[in-house]
K.L.:
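Structure incoming, see below.
So that the names make sense, note that chain A is the first sequence line, chain B the second, and so on, each numbered from 1. What you see is a predicted model; the values in this text were computed from it and never measured.
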2 protein chains.
Amino acid sequence: MTSDTPSPNGRQPAHQDPEPALLDLVELLFFAYRDFTREPDKILVDFGFGRAHHRVLHFVNRHPGMRVADLLDILKITKQSLGRVLKQLVDEGFILQEAGKTDRRERRLYPTQRGHELAEQLVAPQIKRVARAVEASGKEAQTCIEKFLRQMIREADREHVGKLLETGKTHGDVSTKPAQPRGPVR
Amino acid sequence: MTSDTPSPNGRQPAHQDPEPALLDLVELLFFAYRDFTREPDKILVDFGFGRAHHRVLHFVNRHPGMRVADLLDILKITKQSLGRVLKQLVDEGFILQEAGKTDRRERRLYPTQRGHELAEQLVAPQIKRVARAVEASGKEAQTCIEKFLRQMIREADREHVGKLLETGKTHGDVSTKPAQPRGPVR
DNA sequence: AAAAATAAGTCAACATGACTGACATAAATG
DNA sequence: CATTTATGTCAGTCATGTTGACTTATTTTT
């Protein structure tokens, strides 16, 4: 038994939180994320896709020329799991594969026109939601929100993710030079 | 084709973002959440449970006396899905059910001692992670982070969630009066 | 008191996306 | 030539979600 007085029937009273505001953040993060993924999920249904497809497509769209190994590294799923959704995306013309120029074992991944469009369609409601939330929080809040989210990433990955965000900005095709892979969404 | 000049082979160049900082937030949210759920996931394995169990147990622990209908309402999953994990949690002694005092159709849900302890064990790393991230972002950041996360919740649910967070603070048992249900985690 | 509505539980069937572990192929590297 | 690497694949399993129809107990409404 804990410090709380237990009911005679073995039930437990609600937990007395040492820092209620932090627990609120924990729970708000759940709700925020739940709704953050809702709109894309709805869109995906029409394409017969699921979340996994979104992740992969988002990555590849933001990082044309990304390798399978890079995806595995960031999604942290198994080859099997990735292989299944990737194959579907390729078969249905959303992603195309190409042998690496310098290392022909590699399969470089690129979004097709369709893939690019779907990726945009999926991320649009997420950007809109974030944009509105930032505005409603006061524009100056953006800095601390970004800081907070970065700090939420486990220390071992933090720098890596930082680089991914950077290289995501440098637009151009990366088919010749590996380039750091970058973040998915959801 | 979009405004970007497509490669001759049908590949698409990386997307030129209208507001790169917002897209960063979108992706950081993914990474933050990914790592936010990692530690509880690891713990759950030892109990033969998954994320669904975490959600249900968290709810019930924070809201003793919650009804099945309340859980369904907030988790937004089907009775079948909830039923499966709830049954496991009951069978293995983490949650107990009791007919409502005023309305005996209801099944009021309560954490047992074990359930209470597991819920605490699961939320602990999440609180720790949030606490550290808040501190590293400057303590004054907490306000705008909370604002932001609240605004990320879809408008239709925002007030409801606000109430849930409130009632979660009022500690006591709610077996006689329904009380607003409250937020899960993850 | 009979009828309707509500809370919960249940059945059967199914889809998605994750897992494991072993193995195959092609190509690069030593 | 041997080894390592990048990728793909086979076969099977599990967790968690879905749908829709139906039952039971109980409360509420007419």
K.L.:
Does A/S81 make a side-chain N or O approach to OP1 or OP2 of C/dG17 shorter than 4.0 Å?
P.N.:
no
K.L.:
When rounded to the nearest 0.5 angstrom, what is the spacing between CG in B/L149 and CZ in A/F148?
P.N.:
6.0 Å
K.L.:
Look at A/H53 and C/dG17 and indicate whether a side-chain polar atom (N or O) is within less than 4.0 Å of OP1 or OP2.
P.N.:
yes
K.L.:
Under the rule for salt bridge (charged side-chain N to carboxylate O under 4.0 Å, His left out), what residues qualify as partners of A/R104, not counting sequence neighbours?
P.N.:
none
K.L.:
Could you work out which one of D/dT27, D/dT16, D/dG8 sits closest to the side chain of B/D103?
P.N.:
D/dT27
K.L.:
Starting from P on D/dG8, measure out to CZ on A/R67 and report it in whole angstrom.
P.N.:
12 Å
K.L.:
Write down the distance between CG (A/L109) and C1' (D/dG8), rounded to a whole number of angstrom.
P.N.:
13 Å
K.L.:
For C/dA18, does either OP1 or OP2 sit under 4.0 Å from a side-chain N or O belonging to A/T78?
P.N.:
no
K.L.:
In whole Å, I'd like the distance from the CD atom of B/E106 to the C1' atom of D/dT28.
P.N.:
14 Å
K.L.:
Could you check how far CG of A/L82 sits from C1' of C/dT16, rounded to whole Å?
P.N.:
15 Å
K.L.:
For residues A/E117 and A/Q121, is any side-chain donor paired with an opposing acceptor at under 3.5 Å?
P.N.:
no
K.L.:
When the distance from CG of A/L72 to C1' of D/dG8 is rounded to whole Å, what number comes out?
P.N.:
11 Å
K.L.:
Looking at B/R55, I'd like to know whether one of its side-chain N or O atoms comes within less than 4.0 Å of OP1 or OP2 on D/dG17.
P.N.:
yes
K.L.:
Which part of the nucleic acid does A/K87 contact within heavy-atom distance under 4.0 Å: base, sugar-phosphate only, or nothing?
P.N.:
nothing
K.L.:
Given C/dA18, D/dT26, C/dA8, identify the nucleotide with an atom nearest to the side chain of A/I77.
P.N.:
C/dA18
K.L.:
Could you give the NZ-to-C1' distance, from A/K79 to C/dT25, as a whole number of Å?
P.N.:
11 Å
K.L.:
Ignoring backbone atoms, establish whether B/Q97 has a side-chain N or O less than 4.0 Å from OP1 or OP2 of C/dA8.
P.N.:
no
K.L.:
Could you please name the option among C/dG17, D/dG17, D/dA6 that lies closest to any side-chain atom of B/R84?
P.N.:
D/dG17
K.L.:
So does A/G100 get a backbone contact from the side chain of A/D103, meaning a donor-acceptor N/O pair under 3.5 Å?
P.N.:
no
K.L.:
Does the ring centre of A/F94 sit less than 6.0 Å away from the ring centre of A/F49?
P.N.:
yes
K.L.:
Checking contacts here: which listed nucleotide (D/dT7, C/dA26, D/dG17) is nearest the side-chain heavy atoms of A/R105?
P.N.:
C/dA26
K.L.:
Taking atom P of C/dA8 as reference, at what distance in whole Å does atom CG of B/L71 sit?
P.N.:
9 Å
K.L.:
Counting heavy atoms from C-beta on, name the nucleotide in D/dG8, C/dA8, D/dA6 closest to the side chain of A/R107.
P.N.:
D/dG8
K.L.:
Specify the separation, in whole Å, of atom CZ of A/R34 and atom P of D/dG17.
P.N.:
13 Å
K.L.:
Which is more 5' along DNA chain C, the nucleotide nearest A/Q88 or the one nearest A/R104? Just name the residue.
P.N.:
A/Q88
